[in-house]
Amino acid sequence: MKILIVGSGGREHALAWKAAQSPLASEVLVAPGNAGTAREPKIRNCPVEATDIAALIATARREQVDLTIVGPEAPLVAGIVDRFLEEGLPCLGPTAAAARLEGSKSFAKEFLTRHGIPTARHATFTDLAAATRYLKDHPGAHVVKADGLASGKGVVVADDEKAALEAATAMLNGAFGEAGRRIVIEERLTGVEASFIVLADGLDYVAFPTSEDHKRRDDGDRGPNTGGMGAFSPASAVDAPLEVVIRHEIIEPTLRGLKADGHHYRGFLYAGLMLTANGPKVLEFNCRFGDPETQPIMMRLRSDLVALTHAAAHGRLAGATLEIDLRPALCVVLAAPGYPAAPRLGDVIEGLDTADFQTKVFHAGTREDKGQVRSSGGRVLGVTSLGATLEEAREHVYRRLGTIALDGALYRRDIGRRPYGTRP
Ligand code: AMP
Ligand code: GLY
């Protein structure tokens, strides 16, 4: 089978790397890919942007691709799956209508509320006066969210009414463009976060191992929110009984609700959860795999990713199970100086060719330039490792990071070391 992976980040490198290991895969194409995917055996980059749906369709036809797997949210929300299916080309991911679970926070909240799935209390606004009144009437800490896609940056966790009002004002006044013309204000939850990702075929699903990411840029969970500075699996605070609760109270009602609403949800579904004293609650849905959660999860996955995704795309997941490496895995993201606001790009990265069988260096924002690898995005690399313990995986990763040189690069030193890793 020929597989096409759409995207160019660390998530796509990890998915392509895993797919290429499948005996079912003759070749894995990545559009557009990065310097890391370009160097992998059995993998080839195609110079097509992830949002150029017409060119992706042409590539899938010309290359006689058997299955396309979409990495990032933008093409999903733009309807890539609808367009591929209209052309009779198998493509794994939700339709544009179902991808609104990620594409519109107000849609997701309305969906959760209507189907009785636990989530923070909320209200939706397009009008500043009404938002101001709501904040006055509901004292306490709030989170203000731009309705549309904002690359993980459209969420402000506010400590008090003043900060919430500032965020609401900025968003409604266009700080996030159209994405913020509508906002969701919700109650601020406390607890420990976890990511729960499943692969669904419209009816059945398999659950990947749990994971946890670090969204803030700096050590101690300080600094600006980012796409994710590191992740590990399993999550620190999800034991087997809690996993059953998450499946029964969140994942299954979500898939049933989607079906009842007329959506045939095929693809990855990511529930971002807050584990609170009153049980797990949904913070957000993503209609795709997480980045960087994919990197540690793919290292732990022993099952054949091509067999799984092919089964999901054809509605044949029933009875499928996952074989998972019991060892934990951890990924630390190396980012360009200035990330996330204004990353400096174009610098040479040294030390990538060091032989190290204990770690895998997944590329994200990299490109090949006359035999050299240079940075081309805010998140540049994701160094990932398995270990007998999380601590051992950490040691492997940080040792390897010490051998990589990118001028001014930043990475967190405390990935996998949350002092608050127990749930309330
Ligand atoms: P989201 O994009 O909705 O997942 O929000 C990004 C991050 O903001 C989450 O990972 C949480 O750390 C935080 N967050 C979102 N919603 C809430 C909430 N209701 N209470 C506390 N923190 C939240
Ligand atoms: N790591 C969070 C995300 O992929 O949205």
Side-chain angles (χ1 to χ4, degrees), residues 7 9-12 14-15 71-74 76-77 99 101-109 112-113 118-123 138 140-159 163-164 167 171 176 179-180 183-197 208 210-217 221-233 235 268-278 280-297 331-333 335 340 364 378-379 382 412 415 418 420 424:
R11 166 184 48 216
E12 287 75 25
L15 290 172
E73 61 276 18
L76 290 164
V77 171
L101 271 191
E102 174 166 3
S104 164
K105 297 213 185 263
S106 59
F107 175 87
K109 295 297 287 191
L112 287 161
T113 313
T119 189
R121 188 164 41 81
H122 84 289
H138 295 80
H142 287 94
V143 180
V144 184
K145 302 184 175 186
D147 187 53
L149 293 182
S151 304
K153 288 147 205 156
V155 172
V156 174
V157 181
D159 286 324
M171 286 182 196
F176 291 94
I183 60 170
V184 168
I185 300 184
E186 64 181 45
E187 147 204 25
R188 178 169 168 183
L189 301 172
T190 50
V192 182
E193 288 182 49
S195 307
F196 201 87
I197 302 170
F208 290 100
T210 59
S211 56
E212 194 170 323
D213 77 345
H214 294 66
K215 286 205 172 71
R216 301 293 197 98
R217 188 190 58 199
D221 287 338
R222 281 186 264 272
N225 255 326
T226 71
M229 294 299 289
F232 57 93
S233 171
F268 302 112
L269 177 68
Y270 167 135
L273 305 175
M274 185 71 92
L275 312 175
T276 75
N278 300 317
K281 297 192 180 190
V282 176
L283 294 179
E284 64 162 343
F285 283 123
N286 295 320
C287 56
R288 51 169 175 83
F289 228 112
D291 191 345
E293 289 93 328
T294 309
Q295 290 85 313
I297 292 175
C331 169
V332 175
V333 169
R379 291 189 291 175
R412 283 181 59 164
I415 301 300
R418 283 216 160 100
Y420 44 84

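Values in this document were obtained by computation on a predicted structure and should not be read as measured data. When a ligand or atom number is given, it counts from 1 through the structure's own listing order. All residue numbers refer to positions in the sequence shown, counting from 1.
Considering backbone and side-chain N/O of Glu284, one or more are found under 3.5 Å from N/O of ligand 1. In terms of N/O distances under 3.5 Å, ligand 2 is not approached by Glu284. The distance criterion of under 3.5 Å between nitrogen or oxygen atoms is not met by Arg188 with respect to ligand 1. Between Lys215 and ligand 2, no pair of N/O atoms sits closer than 3.5 Å.
Atoms of ligand 1 lying under 4.0 Å from any heavy atom of Lys105, numbered from 1 in the order shown and given with element: 1 (P), 2 (O), 3 (O). Below 4.0 Å from some heavy atom of Gly227 lie the following atoms of ligand 2, by number and element: 1 (N), 2 (C). Contact atoms of ligand 1 toward Lys215: 10 (O) (distance under 4.0 Å to a heavy atom of the residue). The atoms of ligand 1 that sit less than 4.0 Å from any heavy atom of Val143 are 16 (N), 17 (C), 18 (C), 19 (N), 20 (N), 21 (C), 23 (C). Residue Glu186 approaches ligand 1 through these ligand atoms, each under 4.0 Å from one of its heavy atoms: 16 (N), 17 (C), 18 (C), 19 (N). Within the listing of ligand 2, atoms 1 (N), 2 (C), 4 (O) sit less than 4.0 angstrom from a heavy atom of Glu293. Listed by atom number, the atoms of ligand 1 under 4.0 Å from Met274 heavy atoms are 21 (C), 22 (N). Those atoms of ligand 2 that come under 4.0 Å of a heavy atom in Gly290, given as number and element, are 4 (O).
Looking only at distances, a side-chain donor or acceptor of Arg11 sits under 3.5 Å from a matching main-chain atom of Phe289.
Given atom 2 (C) of ligand 2, the protein heavy atom at minimum distance is Asp213 OD2, 3.3 Å. The protein atom (non-hydrogen) at minimum distance from atom 5 (O) of ligand 2 is Arg288 NH2, 2.9 Å.
Closest to atom 15 (C) of ligand 1 by heavy atom, among His214, Arg216, Glu193, Lys145, is Lys145. Atom 14 (N) of ligand 1 has its nearest heavy-atom neighbour, among Val157, Val156, Val144, Val184, in Val157. Of the listed options Leu283, Leu189, Thr190, Asn225, Leu283 places a heavy atom closest to atom 17 (C) of ligand 1.
Residue contacts with ligand 1, taken as heavy atom pairs separated by less than 4.0 Å, involve Val155 solely via side-chain atoms from C-beta onward. At a heavy-atom cutoff of 4.0 Å, ligand 2 is contacted by no atom of Arg11, backbone or side chain.
Looking at every heavy atom in both residues, Arg412 comes nearest to Val332 through O-CG1, 3.9 Å.
Every residue two or more places apart in sequence or in another chain that forms a salt bridge (Lys or Arg N to Asp or Glu O under 4.0 Å) with Arg288 is listed here: Glu73, Glu102. In this structure Arg121 satisfies the salt bridge (Lys or Arg N to Asp or Glu O under 4.0 Å) test with no other residue, sequence neighbours excluded.
Put simply, no part of Gly228 is less than 4.0 Å from ligand 2, judged by heavy atoms.
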